[in-house]
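To keep things clear, I will list the structure first and then write my remarks on it.
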Amino acid sequence: MNPIYLDNAATTQVDEKVLKAMLPYFTEKYGNASSQHVMGQEAKRALEDSRSVIAKSIGAKREEIIFTAGGTEANNFCLKGCFFAEGNKGHIITTKIEHDCVLNSCKWLEKQGCEVTYLNVDEEGFVSVDELKGALRPETFLVSIIHGNNEIGTVQDLVKIGEVCKEKGIMFHTDACQSYTKVLINVDKMNLDFVTLNSHKIHGPKGVGALYIRKDSKITPLLHGGGHEFGLRSTTENISGVVGFAKAVQVAGNSDIRYMNKLRAKLIDGLLKIPNVTLNGSKGDERLCNNINVSFNDIEGEAIGGYLDAYGISSSTGSACSSNTLDVSHVLKAIGLSHEQINTSIRLSISKFNTKKEIDYVLEILPKIVEKLRKMTPIKL
Amino acid sequence: MKGFGNYSKEIMRHFTDPKFVGEIKNPDGVGEIGNMKCGDVLRISLKVKNDKISNIKFKTFGCVAAIASSDVLCELAKGKTIEEAKKISNAEIIKELKGMPSIKEHCSVLGAGALKKAIKNYEEKGNSNS
């Protein structure tokens, strides 16, 4: 059996079509898009064509897309750039289930004098629009709420949240790294002013992302230099990267979503047949088509991952044991799970490249692993 | 080449194929350490014959390192006299496992602690019998 990769929320395999589209930009079409000569102009065209593809995919205009080196940079740019443009003051509203790059940017901003409210979520991971309304202040300048959660897959209702922001005239940002190409995003319908996008979660290359910035938004650049990206992000453009990113968006289709939905349902059904297993996150349709997160009572997540890895199956866990800081997952904590439940969680995230056969194999192996580890455990919850 | 989680081959061997899993019936000593909140719980049960640990088993809730270090602890302790077993240190467990990622070293702390508790439990029982 070949390795079975079920950690696609971490990163994905680059699609062959993407790689093929990128390759000429390393050895043949390697010009600098700022150069006036033929090769420079060729690079410039590739850059702008790619920008158009990304813009169109979310209902934006071409000049509203700023390429970045990834999702983390785009989130940092939005939060810090808006705070600086605001005159280093004001109030941001975000949630307790954001990616670390949003949470740690907010913590840093608090040290610079920014006030931040971290909204709670319910047991399935949903933000309450009423709580958001209650948190708004006259000095609130930005609401930043993750679209599809990276750990539990919960997809927020951005239309409803966007309405609240528009009504109050507050800028609205979403981190859409996990949901992009999996859930429809429309910047006008959702009243979005900023959207963070990312390439390597959608079978594109690593090191590329984008920030959608609604025209005339107040944001201060973080990188100053030659005035690239409409003066908002200076540095020589990563042409092969953005070409790959755009290709990844073009090859992503609704049939992939339907396929992943089926595989996910099969995997969840099979896992829930194992005794004392609970599904974490959204129980309904508002869940990313590639996300599965479950807790196995009485056995530790990293140990499950260790066994899965021994069988060639890649997974991830919210357990304290697996993190660099030995802290449990802040997302699972926010949905009300106890430390005991968090330490027994694993995340399996699929992609269009996974097969039914692979899911069958996982469902054959996992119950055996669970049984073995439950024989080892002194715990009985 | 290091395996899962940058663990050594020795750790992965003890983790995937532990020899001392279980609980001894009518044990001479039992020791439990850790709690679910911090993530690891280890219970050691042992039998003593002629002042030597004749049998020892573990049950562990914990990560790869916790399970591997529990198994190595039992391997090290079996056949040793009580006085020898008391001297088993965390450093010895780590050495036996050919090293451990530094962030994981706290896991093996459980091993030596649980054994000491089990031995103490045995000695207290012994005293009450005499």
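All chains are named by letter (A, B, ...) in the order of the sequence lines, taking the proteins before the strands, and each is independently numbered beginning at 1. Values below: all heavy atoms of this structure, side chains included; hydrogens, waters and symmetry mates excluded.
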Q: Please report the closest heavy-atom contact between B:Pro18 and A:Met376, naming both atoms and the distance.
A: CG-CE, 3.5 Å
Q: Taking all non-hydrogen atoms of both residues into account, name the closest pair between B:Tyr7 and A:Glu302 and its distance.
A: OH-OE2, 2.9 Å
**Q.** Within 6.0 Å of CD in B:Glu23, more than 12 heavy atoms from elsewhere
**A.** yes
Q: Give, for atom CG of A:Asp309 and atom OG1 of B:Thr16, the distance between the pair rounded to the nearest 0.5 Å.
A: 11.0 Å
Q) Under a 4.5 Å heavy-atom cut-off, does chain A meet the side chain of B:Val64, its backbone, both or neither? A) both
Q.
Less than 4.5 Å apart, side chain to side chain, heavy atoms only: is that true for A:Asn343 and B:Phe61?
A. yes
Q.
Within residues 51-60 of chain B, which residues come under 4.5 Å of chain A, heavy atom to heavy atom?
A. B:Lys59, B:Thr60
Q. Would you say A:Lys356 has more than 12 foreign heavy atoms packed within less than 6.0 Å of its NZ?
A. no
**Q.** Atom pair OG (A:Ser314) and CZ (B:Phe4), whose distance is rounded to the nearest 0.5 Å
**A.** 9.5 Å
Q.
Can you tell me if B:Lys80 has over 12 outside heavy atoms packed within less than 6.0 Å of its NZ?
A. yes
Less than 3.5 Å apart, which donor and acceptor atoms pair up between the side chains of residues 273-282 of chain A and the rest of the protein, not counting sequence neighbours?
from: A:Asn280; atom 1: ND2; to: A:Asn293; atom 2: OD1; distance (Å): 2.9
from: A:Asn280; atom 1: ND2; to: A:Ser295; atom 2: OG; distance (Å): 3.1
from: A:Ser282; atom 1: OG; to: A:Gly284; atom 2: N; distance (Å): 3.4
from: A:Ser282; atom 1: OG; to: A:Glu286; atom 2: O; distance (Å): 3.1

Q.
If I measure from the heavy atoms of chain B, does A:Ile369 come under 4.5 Å with its side chain, its backbone, both, or neither?
A. neither
Q: Look up atom OG1 in A:Thr377 and atom CZ in B:Arg43, then write down how far apart they are to the nearest 0.5 Å.
A: 9.0 Å
**Q.** chain B contact via A:Lys372 - which portion, at a heavy-atom distance below 4.5 Å
**A.** side chain
**Q.** Smallest separation among heavy atoms of A:Ala303 and B:Gly62, with atom names
**A.** CB-O, 3.4 Å
Q: Give the minimum heavy-atom separation between A:Tyr307 and B:Phe15, together with the two atoms involved.
A: OH-O, 2.8 Å
